[in-house]
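Worksheet: one structure, shown below.
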Amino acid sequence: MRDDLMQGILEYLLTIPEGKVVTYKQVAEYLGNPGYARIVGNLLHVNPDPERYPCFQVVNHKGRLAPNFGFGGAEAQKIRLERDGIRVSEDYYVDLEEYQWKEG
DNA sequence: AAGTTGACGACGA
DNA sequence: CTCGTCGCCAACT
C-alpha cells in the first residue's frame, strides 16, 4: 500500500510545472483518496527524496511551507522554491493565487 | 495488538 | 488571518 501511494505521489510531483506549487489535497485527489492529504505529507516525511522529486513544491492548503521540512527546515524549502522562480514570504507563505498549479 | 503522532483539511468561533 | 475541534489514515512507539 505504502509503495503504491508513494509511486503515485512521486509521479504526480514530476508532473508539477516548474514555478508552480500544489497542495497536499491535490495530490490526495490525484491518488483517488481526498482523505489522503495527511498521508501524502506523512509518506513524504518518512520517504523524502528532495534530490529527485520536487516535494518542496508541495504546500499545505494555506500555501505555507512545511515548518518541519527535513533537510534544513522550511528555510531550505524556501530556497528551493525561490530557485524555481517562486517568491516566498518571510513567513514561509506562497501566493496560491499566483503559484498554485491549476490542472485546467 | 493498542495507543499516539503528524510535511493535512474543513468547519466554527 | 488565528485558534480550537473533528475527521482522516499510514507510520511509529
Side-chain angles (χ1 to χ4, degrees):
Chain A
M1 194 66 179
R2 190 258 304 221
D3 217 27
D4 293 331
L5 294 174
M6 197 63 207
Q7 181 178 335
I9 293 169
L10 299 179
E11 180 180 290
Y12 187 70
L13 294 183
L14 294 177
T15 69
I16 305 173
E18 293 184 21
K20 292 288 182 181
V21 299
V22 298
T23 66
Y24 289 94
K25 185 174 182 184
Q26 280 179 276
V27 181
E29 289 178 348
Y30 174 82
L31 297 175
N33 298 283
Y36 271 29
R38 58 187 327 168
I39 307 303
V40 174
N42 203 320
L43 259 53
L44 286 179
H45 182 64
V46 302
N47 205 348
D49 277 326
E51 297 299 322
R52 288 212 264 231
Y53 302 97
C55 58
F56 53 84
Q57 272 176 275
V58 185
V59 299
N60 65 18
H61 73 115
K62 290 184 291 195
R64 195 175 186 220
L65 311 187
N68 288 319
F69 184 75
F71 309 95
E75 178 64 24
Q77 188 174 4
K78 178 174 183 290
I79 294 175
R80 291 299 298 266
L81 288 170
E82 293 183 323
R83 182 168 165 277
D84 276 353
I86 299 175
R87 191 165 63 82
V88 182
S89 74
E90 296 181 13
D91 289 333
Y92 303 110
Y93 276 88
V94 301
D95 188 343
L96 288 179
E97 293 299 311
E98 180 68 23
Y99 298 113
Q100 183 174 48
W101 179 41
K102 291 159 187 171
E103 305 159 53

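Here is the naming used below: chain letters follow the sequence lines, and residue numbers restart at 1 for every chain.
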Between Asp4(A) (CG) and dC9(C) (P), how many Å, whole number?
17 Å

Treating Gln57(A) as the side-chain partner and Lys20(A) as the backbone partner, does any N or O pair qualify as donor plus acceptor under 3.5 Å?
yes

Tyr93(A) with Leu65(A), same ILVMFWY side-chain cluster at under 4.5 Å
no

Check whether Gln26(A) reaches the backbone of Trp101(A) with its side chain - one donor and one acceptor, N or O, closer than 3.5 Å.
yes

Within the 4.0 Å limit for protein heavy atoms, which parts of nucleotides 1-13 of chain B are touched? Write it as a string from 5' to 3', B for base, S for sugar-phosphate only, - for none.
-----BBBSS---

Can you check the Arg64(A) CZ to dC1(C) P distance for me, whole Å?
11 Å

Heavy-atom closest pair (Glu82(A) atom, Val88(A) atom, distance to 0.1 Å) is OE2-O, 3.8 Å

Now, which nucleotide makes the Watson-Crick or G-U wobble pair with dC8(B), with each of the two distances under 3.5 Å?
dG7(C)

Nearest heavy-atom contact between Val58(A) and Gln77(A) is O-NE2, 3.4 Å

What's Tyr93(A) touching, base or sugar-phosphate or nothing? Going by heavy atoms closer than 4.0 Å.
sugar-phosphate

Side-chain N or O of Tyr36(A) versus OP1/OP2 of dC8(C): is the shortest distance under 4.0 Å?
no

Donor-acceptor contact below 3.5 Å, side chain Asp95(A) vs main chain Glu97(A)
yes

